[in-house]
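Any value given below was found using the heavy atoms of this structure, including those in side chains, with hydrogens, waters and symmetry copies removed. Chain identifiers are assigned alphabetically (A, B, ...) following the order of the sequence lines, protein sequences preceding nucleic acid strands; residue numbering begins at 1 within each chain.
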Amino acid sequence: MQDPLLSVRDLNITFRSEGRVTQAVRGVSFDLGAEKLGIVGESGSGKSQTGRALMRLSPPSAEITAERMQFGGIDLLRASERQMMRIRGNDIAMILQDPKYSLNPLMKVGKQIAEAYRMHHRVGRSEARSRAMAMLESVHIRDPERVYELLPHEVSGGMGQRIMIAMMLIAEPKLIIADEPTSALDVTVRRQVLSVLQELVDRAGASLIFISHDLNLVADFCDRVLVMYRGRVLENLPAAALGQARHPYTRGLLDSLPRLDHPCDELAVPVRDPAWLDAPAA
Amino acid sequence: MTTPNLEVSQLSIAFGQGSSRVEVVKQANFGIGKGESYGLIGESGCGKSTILRAVAGLNPDYEGALLIDGFELPRRRSKEFFRKVQMVFQDPYASLHPRKMVQNVLIEPLQIMGLDRRQERIDTILSDVGLDQSFRFRFPHELSGGQRQRIAIARALIVEPELVLLDEPTSALDVSVQAEILNLLNRLRRERGLTYLMVSHDIAVVAHMCDRVAIMKDGRILEKLTPEQLRNGAVSEAYTSDFLAASAPAVVRAG
Amino acid sequence: ETPANALVMAWNIDSISTFDPAQVGEVVTNELLQNTCEELVARVPSDEAEVRPAFAESWDVAEDGKTITFHLKSGAVFPSGNPVTAQDTMWSLKRVISLGYGNAAQLTDYGFTEENMDERITAPDDTTLVLKFGDVYPTSLLMQAIAANRVAGTLDSKLIMEHEQDGDLGNAYLKDKTACYGPYSLAQWNQGQSVVLEANETYAGEKPKLGRVFIRHVAETGTQRLMVENGDVDIARDLTPDDLRELEAKDGVYVTSALKPQLIFWTFNAADEIFDDPKVRRAMKYLIDYDALGDTVMQYLGTPWQSFAQSGALGALPKEEATPFSLDLDKAKALLTEAGYPDGFEATIYVGSLPWSAPLGQHVQQNAAKIGVTFNIEQMANAQFFAKVRGRDFQTGIKAWQTGVPDAHGNASRLVFNPDNSDEAKATQFPSWRASFYDETMNELVTAAAVETDVEKRKEMYAELQKDWMDNGEMAVMFQTYFVAAARDTLKDWTWNGFQVYYGMASK
Amino acid sequence: MTDISSPPRSGSLGTWLRDPNPTSPLQARLHQSWRMWRKLRRNGSALLGLAILLVIALAALFAPLLATHDIFAQDLGNRLALPSGEHWFGTDELGRDIYSRLLYGARITLYIAGLTAVISAPIGLLVGAVSGYFGGWVDTVMMRVTEIFLAFPSLVLALAFVSALGPGINNAIIAISLTAWPPIARLARAETLIIRRSDYISAVRLQGASALRIIARHVVPMCLPSVIARVTLNMASIILSAAGLGFLGLGAQPPSPEWGAMLSSARQFILSNGFVAAAPGMAILLTSIAFNLVGDGLRDVLDPRHD
Amino acid sequence: MTKSLSATGRGRTIVLPRLVGGLKTLGSVLVTLLGLAALTFMIGRMLPIDPVLAVLGDNATQDAYDAMAAKMGLDQPLLVQFADYLWNILHFDFGNSLLSGRPVADEIARVFPATMELATLAMIIGTGIGVPLGVVAAVYRNSPIDHVARIVSLLGYSAPNFWLGLMGLVVFYSVLGIVGGPGRIDMIYEFDLQPVTGFFLIDSALAGKWDVFGNVLSHLILPALILALSALAYVSRMTRTFMIDQLEQEYVIAARAKGIGRWRIVWTHVFRNVAVQVITVVTLSYAFLLEGAVLTETVFAWPGFGRYMTNSLLSGDMNSVVGCTLVIGVIFVVLNLFCDILYRVIDPRTR
Ligand SMILES: Nc1ncnc2c1ncn2[C@@H]1O[C@H](COP(=O)(O)OP(=O)(O)OP(=O)(O)O)[C@@H](O)[C@H]1O
Ligand SMILES: Nc1ncnc2c1ncn2[C@@H]1O[C@H](COP(=O)(O)OP(=O)(O)OP(=O)(O)O)[C@@H](O)[C@H]1O
Ligand SMILES: [Mg+2]
Ligand SMILES: [Mg+2]
């Protein structure tokens with residue numbers, strides 16, 4: 001394997017507030033090439049915090065340490081805020097979970113997309129507008145002229161998520177972090193959004209970090225999967241091999257899903273073992 | 001079939017006035033027998049929650065009739081109604097008052113209904129939903145999402161209702177917690193002989209939980225199916241099969 | 001800096017409500033009217049008890065002493081261009097009686113009534129005015145009480161009657177206008193904002209030196225001080241003692257004052273069980289530290305005075321005799337014990353909202369506490385306070401009273417004399433009635449003194465009356481007050497006495 | 001002798017308090033308060049405010065011990081004296097000791113400010129919550145009434161009180177309260193409009209709770225933090241308007257050492273003897289700032305959103 | 001034919017509800033104002049302050065008193081007086097001031113512009129400084145900047161206005177001599193200015209008299225600054241609160257993830273979302289300023305609305321007081337309405 005695009009070693013995120021110390025992420029390490037990496041795990045396992053730390057968007061109360069957090073030639077840990085501003089959106093983009101809260105409610109969605117482009121490219125309004133229009137089309141929005149003028153509350157969830165994607169990908173970043181981009185959507189829309197995402201990644205050859213707690217989805221969509229539990233990576237395995245996962249935690253998560261093809265009376269509930277935290281990193 | 005516990009007939013619900021009026025539920029008909037678990041499924045915004053809220057009386061402006069045990073419900077629901085029918089909301093983070101201790105959350109319905117043996121009932125219901133007594137004096141922000149949802153379920157069940165309305169009770173929770181809650185709901189139904197009307201957009205969940213399922217689209221009930229029909233893909237509407245296809249699992253389990 | 005040909009004044013002029021001489025009852029408008037309406041006679045600036053010719057060039061008193069004939073200026077012209085005649089003056093005087101406002105008393109007190117006025121007030125020709133009286137009054141008293149009073153200004157009857165509404169004799173018209181023969185006339189009045197007077201071209205008397213008088217309403221005393229310090233006004237009229245003391249020490253500003261016929265007193269309602277007893281009332285007079293207050297709270301504002309006849313009035317006692325009381329708690333205590341209150345009592349003091357009201361109230365309150373008497377102070381808006389006092393609805397109150405006459409009769413007729421003490425009489429304009437004070441002997445003495453033409457005899461009668469009243473009267477007079485103002489050095493010849501302010505004499 | 005009600009030793013009391021798994025409602029409440037206290041403790045400015053308030057409250061409480069002079073004793077010969085060893089803050093226009101008067105004045109001033117807050121906040125809260133909760137014509141009517149009160153000149157109301165109920169501090173408090181509640185009502189209404197849409201309100205409605213119960217037990221506690229912050233913001237103006245009514249016979253009457261009254265009677269000496277106004281002025285300022293800091297802190301602590 | 005029918009039908013469905021809604025609003029506003037007038041009138045007539053004495057003075061005889069009371073219509077039964085009053089109000093006749101005898105409407109038209117000019121400038125300054133201050137404090141929450149901003153604004157809010165006013169006069173007028181001092185204008189100019197609008201700044205500008213304009217401004221600036229200080233305090237505090245709420249929203253993170261700089265986010269994204277609330281606060285404090293800062297007006301000898309109303313009240317001039325109350329009522333109602341409409345315009349979610 002050639003030099004990975006992103007290389008993370010021993011990432012730790014600690015929250016200190018009110019004298020309480022919360023270790024949200026413990027010693028996470030991974031490399032990312034031109035691939036789609038899924039991060040799964042139950043709620044609170046540190047998926048989002050890992051993703052946000054990469055963009056340096058952690059809350060001010062977070063304390064981030066890492067041996068290495070290298071993106072291309074840039075040391076993300078030590079980059080200045082100014083440098084980060086240039087990186088964000090331009091080199092690394094982040095798609096957030098819920099379009100309802102992640103779009104500015106008072107700004108036309110088209111303008112929000114165009115703004116993202118103008119932040120990184122010295123272009124005029126009309127140029128940015130036509131770019132945004134093209135981007136809307138590429139996320140399969142049928143009537144971009146009309147949608148451009150809409151406000152976030154006037155678009156449906158699926159459309160909103162596609163707008164988010166358009167907004168985040170318009171600057172053609174090299175790395176996309178998608179934090180549960182589809183969990184607010186229902187199944188039919190989810191498929192559409194994922195295929196749009198797939199298309200764009202393929203076209204730009206970007207890497208993708210896909211955060212979700214839906215193992216089925218990740219297995220289907222990603223190339224590789226990190227399984228996280230309480231801030232720790234328990235397993236790092238190819239998505240296709242998820243069915244053969246060894247770790248009891250991963251198995252537990254898989255079993256807890258109700259399935260159409262396997263009716264059962266009682267769903268399995270994963271058992272958790274604190275000892276997993278001390279096991280050597282995967 | 002005996003008289004259904006809940007019968008919904010020609011239910012139509014609209015919001016807004018004049019030109020901005022939209023009908024979000026259109027002539028829905030269905031009935032739920034005693035002890036049955038009935039599922040409503042459909043994409044976001046198709047009117048599932050609206051039906052539940054109408055049944056619960058949170059939405060008094062509806063047309064059509066709602067009958068419980070064969071009697072039409074008055075528009076203003078009485079206390080007796082709330083002893084029979086309770087509801088669990090989708091978001092456990094929003095459905096508990098941030099400033100009320102678990103104990104107070106649970107004691108309030110008892111006070112309102114004038115039920116006796118309050119501490120005893122709380123003890124029982126807490127252990128029924130799988131929480132120990134130490135949770136009694138906690139505040140919501142000291143609880144995890146799954147624990148909150150258990151409290152919400154306990155609150156609904158403490159007055160011993162017959163019919164429980166479940167509005168996506170697990171969609172805000174992650175899969176492992178979802179399993180716990182679904183198991184809990186199933187167990188309680190068995191033990192108490194409850195009737196469920198459950199809303200979800202996850203076909204697998206509904207198929208797992210319900211005896212009968214209605215598929216909704218744009219405020220209309222498209223078709224009514226059994227879980228077996230869902231599993232076998234024996235559906236008549238194209239929309240339903242799209243839905244099914246999208247829900248197919250990707251992970252093929254070894255062994 | 002102020003304009004060279006204008007007099008600029010900072011003054012609290014909130015109280016102006018009308019310019020009708022028949023109706024005006026307070027100090028500010030009175031002063032303005034004095035400078036817009038020339039009276040029959042004017043007080044001599046240096047001696048307010050003396051009068052000199054004004055609109056009346058001369059006058060003579062008939063043999064029987066009951067008729068006064070005024071010989072008026074001829075050829076005078078109103079600002080409107082109408083000629084001024086004796087008929088105008090006559091009309092103005094009768095008008096006061098007909099309208100029947102408070103000022104009518106200036107005439108009715110001397111026997112004029114609506115019925116007899118046509119016969120008693122006459123103008124045989126354009127320059128002659130004749131007043132006939134039923135009794136013989138001292139001429140000096142009549143000159144002061146009537147001829148030098150604002151009721152004797154000459155109004156432009158023709159102009160006014162053109163604007164009469166519903167038989168109001170121009171009362172509505174004169175709300176915000178002057179239509180008088182006099183040195184200035186009102187150019188502009190904005191309530192609570194400003195008053196502008198302009199010199200009259202047609203005025204035949206001594207021409208005002210400053211063509212315009214500009215009064216800016218400034219309610220805050222501190223602001224007034226800053227304005228006069230800064231030279232934005234020539235004179236500031238409502239300064240506090242402490243500001244005056246500091247200003248006096250400063251360059252460029254001087255303090256000027258004139259003793260005025262106003263008394264500050266603590267009045268007791270004799271209808272109240274406690275204060276019915278003259279001993280109690282007398283005891284209260286020993287609770288006041290007149291001198292200490294005069295040197296501090298009332299510095300510049302007033303001088304200790306205890307009699308109803310103000311200093312400077314004909315018949316007033318000399319200072320030593322007019323101030324027999326001083327702070328003496330033992331005497332007060334003894335008097336109260338005699339009156340049957342060895343352990344004191346509890347009562348209320350009403351005070352208004354003037355700057356000195358509350359301090360004076362607290363002063364007596366504190367001294368009273370030392371002999372076991374509890375006073376509760378209740379402060380209220382002046383208009384509210386007046387209503388209570390006029391309604392006899394009080395126990396005690398601290399108030400002021402001003403007379404228009406530099407003659408003991410002025411106050412004797414109000415503070416001592418009580419025409420009828422019954423509630424029904426509603427003699428509300430008599431402070432004596434308000435305090436339910438009625439003394440047959442004193443009443444008689446007041447009436448007799450008013451018609452006594454022998455000056456010395458009169459003075460004796462008043463001396464007797466004052467002594468009796470100070471011992472037994474319904475009020476403890478504390479101070480006689482000053483007009484006081486701080487003026488810029490550039491303002492020269494500011495001339496005033498207790499009764500009159502002469503804008504026209506001021507110069508720059 | 002044993003005293004069963006005596007609390008456990010401080011060590012065990014501490015652990016009992018800190019126990020995150022309380023076993024009784026009391027312990028739970030105390031634990032909650034303890035956590036709030038810890039939150040408050042980290043809030044420097046709130047703590048400063050609390051300290052100031054404490055000092056003022058103690059000064060009020062121990063005024064008789066701390067005062068150096070009789071607060072009514074006049075000394076005309078030594079009026080408007082500058083601060084000195086004898087009179088720490090100088091003397092007023094009648095020669096009374098300002099320092100001692102300030103101490104005693106704290107009692108009345110705190111009483112006025114406190115009671116006004118205690119009266120106006122519930123009225124505002126109730127009107128706002130009811131109006132916001134019911135909406136519709138109830139809302140229209142109540143908001144119109146609120147508007148009337150907002151526009152109603154407070155002096156008219158104050159005067160009406162003097163005539164109807166007579167003078168006195170308590171009537172002043174009522175009069176001020178009656179003009180102080182509308183802004184609170186508007187605030188509470190705005191909050192209620194959001195709260196009433198939340199699931200937990202739907203949930204209690206499904207328990208069969210009456211509107212009254214919902215408002216009193218569920219809506220009001222949620223509005224409380226911002227209402228507290230709003231009320232504390234008003235403290236200075238409450239004290240000053242109480243003084244403003246003094247000359248109408250409402251509020252503290254002379255010779256009461258109420259701060260607002262002291263300040264307004266010192267008004268005429270501001271230029272000549274500024275310190276006479278400085279002492280009560282600073283006292284009011286400090287109290288107001290302290291109330292505000294505490295109010296802000298309390299809002300942060302009480303507001304679950306900032307957990 | 002059918003086309004036109006459907007068009008009118010559509011028109012009716014849209015226009016009619018709006019019309020009805022508008023009429024309803026207007027109706028309730030009128031009822032509010034009438035209620036306000038009624039309440040003020042009734043309470044006012046029961047006040048212990050006697051307007052007759054305010055006009056006649058303390059010395060009047062009882063006859064004169066009775067005559068005056070009759071002239072003022074005070075001898076009628078209260079209800080009759082009230083009915084008369086209402087009847088007049090409905091004809092837009094607010095009666096004459098008992099004190100000055102001039103029409104109340106004229107009086108108010110004279111004093112109101114003075115206050116409005118002052119309040120408007122104060123509000124412009126207060127908002128101009130208060131809003132950015134609140135925004136900065138929110139962005140740097142709990143930092144020294146935040147604390148300083150809070151304390152400064154608290155000082156402004158808690159310091160007695162008359163004290164600030166007098167001290168301001170001492171420093172800037174007496175000692176430094178850089179402002180015009182009490183009153184609206186120097187006496188020399190007072191006659192130069194023909195009141196057209198009553199706003200001296202506008203009047204002098206219209207007349208092209210820039211020296212007068214400068215003089216008016218020099219008089220206006222200090223009281224405006226003092227009033228601005230307390231408005232500023234309130235506005236900045238509330239802005240801070242609103243901003244803190246919004247800064248915690250998810251879309252702020254999203255905007256940062258796009259690579260937008262902090263201040264650009266603050267002004268183009270976050271601030272727009274608090275604008276409505278801020279405007280509500282600003283209009284409310286503007287309304288309170290218009291109600292008249294009595295003490296500030298007193299200190300600055302400002303012939304304004306607040307002083308006029310207070311003075312009328314203390315003289316028992318109830319016609320003026322009710323007139324003033326109605327003006328305040330209208331101000332509140334109009335500003336409220338304005339906020340509501342603005343809310344709908346700015347925030348499309350409420351439509
Ligand atoms: N601001 C914060 N202060 C303190 N702890 C925090 C903060 N934000 C997150 N945490 C903690 O960090 C841990 C990881 O949170 P994170 O949001 O990464 O979880 P997640 O895996 O994304 O969960 P979910 O699936 O619910 O989104 C959690 O235990 C959470 O409580
Ligand atoms: N109070 C309301 N006023 C106006 N429209 C409403 C209201 N409540 C719901 N709606 C609309 O009614 C439609 C159905 O809403 P509902 O909440 O029943 O959908 P749902 O099927 O439960 O969707 P989800 O899966 O997102 O919860 C939506 O389009 C929604 O916008
Ligand atoms: Mg997450
Ligand atoms: Mg729903």
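- If you measure heavy-atom distances from C:Leu293 to chain D, the contacts under 4.5 Å come from both the backbone and the side chain.
- If you tally non-hydrogen atom pairs under 4.5 Å between each of C:Asn367, C:Val297, C:Thr221 and chain D, the highest count goes to C:Val297.
- Inspection of the C:Arg245 and C:Gln299 side chains reveals an N or O donor paired with an N or O acceptor under 3.5 Å.
- A side-chain donor from one of D:Asp97 and D:Thr68 sits under 3.5 Å from a side-chain acceptor of the other.
- Judged by a 6.0 Å distance limit and a 45° cone about the ring axis, C:Lys388 is not positioned over the six-membered ring of C:Phe394.
- Interface remark: C:Gln365 contributes side-chain atoms only to the contact with chain D (heavy atom separation under 4.5 Å).
- With ring centers used as reference points, D:Phe149 lies under 6.0 Å from D:Trp181.
- Using a cutoff of 4.0 Å between basic side-chain nitrogens and carboxylate oxygens, D:Arg267 and C:Glu220 are scored as salt-bridged.
- For the residue pair C:Thr348 and C:Asn376, no side-chain donor N or O sits within less than 3.5 Å of a side-chain acceptor on the partner.
- Note on ring orientation: taking the six-membered ring where Trp is involved, the planes of C:Phe275 and C:Phe375 are parallel (angle under 30°, cut-offs 30° and 60°).
- Contacts with chain D were tallied for C:Pro355, C:Ala358, C:Ala369, C:Gly361; C:Pro355 has the most, counting heavy-atom pairs under 4.5 Å.
- Just one residue in the list C:Asp272, C:Asp423, C:Asn269 forms a side-chain hydrogen bond (donor to acceptor under 3.5 Å, both in side chains) with C:Arg392, and that residue is C:Asp423.
- By a heavy-atom distance cut of under 4.5 Å, D:Phe72, D:Ala73, D:Gln74, D:Leu76, D:Arg79, D:Leu80 are the residues of residues 70-89 of chain D near chain C, going up by number.
- Put simply, of C:Glu246, C:Lys370, C:Gln362, the one with the most heavy-atom pairs under 4.5 Å next to chain D is C:Gln362.
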